[in-house]
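Each residue takes its place number in the sequence, starting with 1.
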Amino acid sequence: MKEYLKRAVVSFAISAFCGLVVNLLVDVIINATGNEGFVSISPEARSLFPTTAIAAYVNVLLYGLIGATFAGMTFLFDIDRIGFVVQSILYFITTAVVLVGITILLWQLHRHPQALIPTIAGYAVTYLIMGIQQYRELKKNIKEINEELMSV
């Protein structure tokens, strides 16, 4: 379990940083095109906090929470008692609950479709990070299995 917590913490940090970079780039590009004062946070989400800066910090932390969920829930794939399909379904449901909860309830994406691009970009970065991590883990496992088979 310690390994999964470590993965969650590392993924939190990476995802929060990537979310910060994505939001910064989107904000800079949109502000440079003439929409001065644009911040890639919905007005409803901003109104939940005393300042726009705090709302932006919480937004970045939410990217981290998404990444931590993706990484932390990988423990499901090491439960031998359930099959891969069930593991995948449980993983999808768990991560979807977090993603949908954050996206719909806090970011109010359904009310602000212009936030779709930064949201998808943040998700894409998170999925990419997790995909790379899972690919590396899979390669390592295959190598270990092959080494074990060759030594027999």
Side-chain angles (χ1 to χ4, degrees), residues 1-79 81-141:
M1 193 58 140
K2 186 177 180 181
E3 179 64 28
Y4 298 107
L5 290 174
K6 179 182 170 186
R7 285 182 192 176
V9 169
V10 169
S11 188
F12 178 91
I14 292 170
S15 298
F17 177 75
C18 290
L20 174 68
V21 170
V22 167
N23 281 349
L24 178 64
L25 289 174
V26 168
D27 291 352
V28 167
I29 291 168
I30 292 178
N31 277 284
T33 62
N35 290 328
E36 292 182 22
F38 176 83
V39 178
S40 46
I41 303 169
S42 73
E44 288 84 0
R46 274 189 266 166
S47 70
L48 297 173
F49 303 96
T51 66
T52 301
I54 292 172
Y57 296 142
V58 169
N59 195 42
V60 169
L61 291 175
L62 290 173
Y63 278 120
L65 177 62
I66 291 167
T69 301
F70 273 66
M73 294 309 295
T74 59
F75 81 90
L76 290 169
F77 295 104
D78 285 339
I79 299 174
R81 297 181 301 263
I82 57 177
F84 180 71
V85 172
V86 174
Q87 291 169 337
S88 297
I89 291 169
L90 289 173
Y91 182 80
F92 174 77
I93 290 170
T94 306
T95 56
V97 165
V98 172
L99 294 175
V100 170
I102 289 171
T103 304
I104 301 298
L105 298 177
L106 186 55
W107 292 341
Q108 301 291 312
L109 186 61
H110 60 290
R111 293 185 186 171
H112 301 282
Q114 70 272 21
L116 182 63
I117 291 172
T119 302
I120 289 174
Y123 289 170
V125 169
T126 302
Y127 277 110
L128 179 64
I129 291 167
M130 292 310 302
I132 291 169
Q133 182 177 350
Q134 288 174 342
Y135 175 75
R136 287 180 178 170
E137 189 70 25
L138 181 61
K139 275 183 67 172
K140 180 181 137 194
N141 291 344

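Rounded to the nearest 0.5 Å, atoms CD1 (I54) and CD1 (I41) are 11.0 Å apart. The distance from the CG atom of N35 to the CD1 atom of I30 is 7.0 Å, given to the nearest 0.5 Å. Atoms CG and CD1, on L65 and I102 in that order, are 4.5 Å from each other to the nearest 0.5 Å. One distance of note links CG of N141 with NZ of K139; it measures 12.5 Å at 0.5 Å rounding. To the nearest 0.5 Å, atoms CD1 (I93) and CG (L76) are separated by 10.5 Å. For the atom pair CZ of F38 and CD1 of I29, the computed distance is 11.0 Å after rounding to the nearest 0.5 Å.
Contact of the S15 side chain with the I66 side chain is not registered, since no non-hydrogen atoms from C-beta on lie closer than 4.5 Å. F70 places a side-chain heavy atom less than 4.5 Å from the side chain of L99. Residues V98 and T95 are not in side-chain contact: their nearest non-hydrogen atoms beyond the backbone lie 4.5 Å or more apart.
Closest heavy-atom contact between F12 and A68: CB-CB, 3.9 Å. Across all non-hydrogen atoms, the minimal contact from T94 to M73 is CG2-CE, 3.4 Å. What you find for N59 and S40 is that their closest heavy atoms are ND2-O, 4.0 Å. Smallest separation of non-hydrogen atoms from A55 and A45: CB-O, 4.4 Å. The two atoms that bring N31 and G37 nearest to each other are OD1-N, 2.7 Å, heavy atoms only. Here the closest non-hydrogen pair linking R7 and T74 is NH1-OG1, 3.0 Å.
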Under the criterion side chain to side chain contact (heavy atoms under 4.5 Å, CB included), I'd like the reasoning laid out for N23 against Y63: C-alpha separation, chi angles, the key distance, then a yes or no. CA-CA 10 Å; N23 281 349; Y63 278 120; 3.4 Å; yes

Side chain to side chain contact (heavy atoms under 4.5 Å, CB included) for L90 and I82? Distances and angles first, verdict last.
CA-CA 10 Å; L90 289 173; I82 57 177; 3.9 Å; yes

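Under a cut-off of 6.0 angstrom, the local environment of CD in E36 is sparse, with at most 12 non-hydrogen atoms contributed by other residues, nucleotides or ligands.
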